[in-house]
Amino acid sequence: MGTVKLGENMEIKEEVIMKACSMARKAHKYPGKQYLSKEIRSSSSEVVFSFAGSLSVNDWFSGSAFGEMKVDLQFFPSLKYVGLDQTGRVNEAFFKRFQAVLANPRFKVEVEKAVADRRQVVFTGHCSGGAIAILATAWFLEVYNRQSSNCIEPLCLTFGSPLVGDYIINIAIRREKWSRYFVNFVMRYDIVPRISLSPLSSIKQQLQRVLDYFNQNSQQPPNDAPAFYETVVKHASSVATYAACKIMGSTNPLLETVSSFIEPSPYRPFGTYVFCTGTGKLVVISNPDAVLQVLFYSSQLSTEEEKVTVAQTSLRDHLNYENYLQEHLKRPAVTSLFHHHQEALAVSWNVASVEREQVDMALNDLGLSERARLSLRAAEALEKQKLRNQATIDGKKKDIEKCLDKLQEYQSKCAHKVGYYDAFKSSDEEEDFHANVARLELAGIWDVIIEMLKRYELPDEFEGQKEWIGLGTRYRRIVEPLDIANYYRHLKNEDTGPYMGKGRPRRYKCTQKWREHAEQLPDEIPESCFWAEVEELCIKAGCQGTIESILHLKTKVDKWIQNKELGDDVLLENSTFTKLQKQHFLTN
């Protein structure tokens, strides 16, 4: 791939990028306004919302050392690791500022009008205004794009923005296929995008002086700018080194020991990054692991003299995005280190010699050492390994389908007797034994998949793939009743407690959550756990409230059967559920 213009590379109009950059800087001139909005004059298809950065350190960090908080899922229901039920973390101070914007009714009205008028909404910000733009874009995607496939896709353009969220946010953004909507411009030496990698205690006073410098726009940066730069880069080094060791599969116990004493920053990049080299070129990187490494290695300095010069340049560069892009954006000097492939990305080292030379030049312009390049190759290798892992488990689909078909045939035979659940629980026939073998075989396959998810060994998009969500739902509905039957047949409840407490395997919880998230369903006891509810009601027979619980369950059963989520064999004459109802003088 030859060097091209950025607009051609990313399919974003250069006019939109420049207008967003101009408005992002302009927002600083109106600190009393939460945001500015404007249509792009020569185009009627975009509306730009720009957010000002805050010049108070209290609007950068809040609470803990790094100022993070768990995502409020009421605002961002997708920003989680779905199956494992891990919630992402975002910068609390930035979130509170975004909350204040959202509380402004005028903001929602203007966004709603842009959507109704079929305009593309572009959120932008410079400095910490970029962080607000990122949160606004995530909110927009949740409210509009997740609810309607007809909504025009938004765009987020940030300039010198600090990091906003952790690795779970990155996983969620990639799972939802939203990464391409976030484009972050970073000058090579700009220190602001690295600030979130440092704990507040190490930089608080220095940071406030830096923010004061940005506010006054004076010619002379603060005297302690070199010390500030060095502190931030030192912490960036710790985070990047820790991440690189993880990527390369280091098993050194010292790594975990050190991280238990020295808390690393939780923040990680996501989306696409456009690095401005300072030599007139733009380098596009979309692999988040690689971006983190470049954020550190491109800021490294070799001499004391460089530290003073570059530390001061880094602050001036933070204020120079508009001038730099105005001069270089239209030039064919853009190199992309990554190619898209089904939302996964791979570094372009294995390419033709001409392109290889362009990649090497781009890495040289970013000042990346051999060690840095090794880290980038490791990020590429990890991405490729995840794709190979996916291919491996994709190869297990036929085995899963074959076992499920056998169990479905077994289910049909049981429907003429006492029902699927009760037949398996008694296990009197040879076919019950074969059903148990299929159950165990499937458990082995699915446990491997869940373990790979726990170790982040599958592509981030995996949990959002419709085919696996559908297969997981079918597996859960057919097989979980057999696990419940086995659990109560062997009286495991007497030692472990109810199945729904500590007895339910993670493989069913994960596949349930995949479906709930994909179809935006409430978190409730699912149809596949119907028999666990029946068993507990049998144990509590005669206790106060049992009749009401049975009636409530019967209502759910009728709905599940109507929706074909549960077989009607649960209502057979000799089924445990029918006997439970008769025992309490209930009739169908």
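Quick note: numbers below take in every heavy atom, side chains included, and nothing from hydrogens, waters or symmetry partners.
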Chemist: Using a distance-only test with no angle check, is there a side-chain donor-acceptor pair under 3.5 angstrom linking Asp59 and Ser54?
Modeler: yes

Chemist: Is any side-chain heavy atom of Tyr297 less than 4.5 Å from a side-chain heavy atom of Ser369?
Modeler: yes

Chemist: Find the distance between CD (Gln512) and CG (Asp523) and round it off to the nearest 0.5 Å.
Modeler: 6.5 Å

Chemist: Ion pair present between Glu15 and Lys19, side-chain N to carboxylate O less than 4.0 angstrom?
Modeler: no

Chemist: Within the distance-only criterion (no hydrogens, no angle test), does the side chain of Ser299 pair as donor or acceptor with the backbone N or O of Leu295 below 3.5 angstrom?
Modeler: yes

Chemist: Would you please indicate yes or no on a ring centroid separation below 6.0 angstrom for Phe123 and Trp139?
Modeler: no

Chemist: Tell me whether the rings of Trp468 and Phe462 are parallel (<30°), tilted (30 to 60°) or perpendicular (>60°).
Modeler: tilted

Chemist: A side-chain contact here means heavy atoms from C-beta on lying under 4.5 Å apart; do Gln312 and Arg316 qualify?
Modeler: yes

Chemist: I'd like to know if the side chain of Arg175 and the backbone of Gly464 have a donor-acceptor N/O pair within less than 3.5 Å.
Modeler: no

Chemist: Just wondering, more than 12 heavy atoms not from Glu467 lying within 6.0 Å of its CD?
Modeler: no

Chemist: Will you find, in the side chains of Thr124 and Ser50, an N or O donor that is under 3.5 Å from an N or O acceptor?
Modeler: no

Chemist: Take a 6.0 Å sphere around CD of Gln205 and say whether it holds more than 12 heavy atoms from other residues, nucleotides or ligands.
Modeler: no

Chemist: Calculate, to the nearest 0.5 Å, the distance between atoms CE and CZ belonging to Met69 and Arg89 respectively.
Modeler: 12.0 Å

Chemist: Are the side chains of Phe75 and Leu135 in touch, meaning some heavy atoms are under 4.5 Å apart?
Modeler: no

Chemist: To the nearest 0.5 Å, what is the distance between OG on Ser201 and CZ on Phe66?
Modeler: 8.0 Å

Chemist: Do Asn215 side-chain atoms and Leu211 backbone N/O form a donor-acceptor pair below 3.5 Å?
Modeler: no

Chemist: For Met18, does the CE atom have more than 12 heavy-atom neighbours from other residues, nucleotides or ligands under 6.0 Å away?
Modeler: yes

Chemist: Less than 4.5 Å apart, side chain to side chain, heavy atoms only: is that true for Val291 and Arg268?
Modeler: no

Chemist: Starting at CG of Asn184, measure out to OG1 of Thr158 and round the result to the nearest 0.5 Å.
Modeler: 3.5 Å

Chemist: Around atom CG of Asn323, are there more than 12 heavy atoms from other residues, nucleotides or ligands closer than 6.0 Å?
Modeler: yes

Chemist: Any side-chain heavy-atom pair from Val294 and Val283 closer than 4.5 angstrom?
Modeler: no

Chemist: Taking the six-membered ring for Trp, are Tyr456 and Tyr167 closer than 6.0 Å centroid to centroid?
Modeler: yes

Chemist: Would you check if the side chain of Ser237 reaches a backbone N or O of Val233 as a donor-acceptor pair within less than 3.5 Å?
Modeler: no

Chemist: Any side-chain heavy-atom pair from Val192 and Val186 closer than 4.5 angstrom?
Modeler: no

Chemist: With distance as the sole criterion, is a donor-acceptor pair present between the side chains of Ser298 and Arg194 under 3.5 Å?
Modeler: yes

Chemist: Flag the pair Lys234 and Glu230 as a salt bridge only when some basic side-chain nitrogen lies within less than 4.0 angstrom of an acidic carboxylate oxygen.
Modeler: no

Chemist: Closer than 3.5 angstrom, by distance alone: can the side chain of Thr137 be matched with the main-chain N or O of Ala133 as a donor-acceptor pair?
Modeler: yes

Chemist: Any side-chain to backbone donor/acceptor pair from Ser198 onto His235? Under 3.5 Å, distance only.
Modeler: no

Chemist: Between Gln120 and Glu153 (side chain of the first, backbone of the second, donor and acceptor by atom type, cut-off under 3.5 Å), is there such a pair?
Modeler: yes

Chemist: Does this structure show an ion pair linking Glu516 with Lys80, if we count only N-O contacts that are shorter than 4.0 Å?
Modeler: no

Chemist: Are the aromatic rings of Tyr321 and Phe185 close, with centres under 6.0 Å apart?
Modeler: no

Chemist: Is the backbone of Tyr267 close enough, under 3.5 Å, to the side chain of Glu68 for a donor and an acceptor to pair up by distance?
Modeler: no

Chemist: Have a look at His318 and tell me which of Phe159, Tyr324, Tyr189, Phe214 forms a ring-ring contact (aromatic ring centres under 6.0 Å, His included) with it.
Modeler: Phe214

Chemist: For the atom pair CD1 (Ile285) and CG (Leu292), what is the distance rounded to the nearest 0.5 Å?
Modeler: 11.0 Å

Chemist: Below 4.5 Å, heavy atoms only, C-beta onward: do Pro222 and Asp212 meet side chain to side chain?
Modeler: no

Chemist: Do the ring planes of Tyr35 and Phe107 sit parallel (below 30°), tilted (30 to 60°) or perpendicular (above 60°)?
Modeler: perpendicular

Chemist: Mind listing the closest non-hydrogen atom pair of Val121 and Ala114 along with its distance?
Modeler: CG2-CB, 3.8 Å

Chemist: Can you confirm whether the side chains of Gln206 and Tyr229 place a donor and an acceptor under 3.5 Å from each other?
Modeler: no

Chemist: Any donor-acceptor pair under 3.5 Å linking the side chain of Asp166 with the backbone of Ile168?
Modeler: yes

Chemist: May I ask you to check whether Gln390 and Glu461 show a side-chain donor-acceptor distance below 3.5 Å?
Modeler: no

Chemist: For the OG atom of Ser22 and the CD atom of Gln326, what is their distance to the nearest 0.5 Å?
Modeler: 9.0 Å

Chemist: Does any non-hydrogen side-chain atom of Trp60 lie less than 4.5 Å from one of Leu200?
Modeler: no

Chemist: List the atom of Gln34, the atom of Ala100, and the distance in Å for their closest heavy-atom pair.
Modeler: NE2-O, 3.1 Å

Chemist: Of the options Lys108, Lys113, Arg106, which is the one that meets Glu110 in a salt bridge (charged side-chain N to carboxylate O under 4.0 Å, His left out)?
Modeler: Arg106

Chemist: Ignoring hydrogens and angles, tell me if any N or O in the side chain of Gln293 forms a donor-acceptor pair with the backbone of Ser375 under 3.5 Å.
Modeler: no

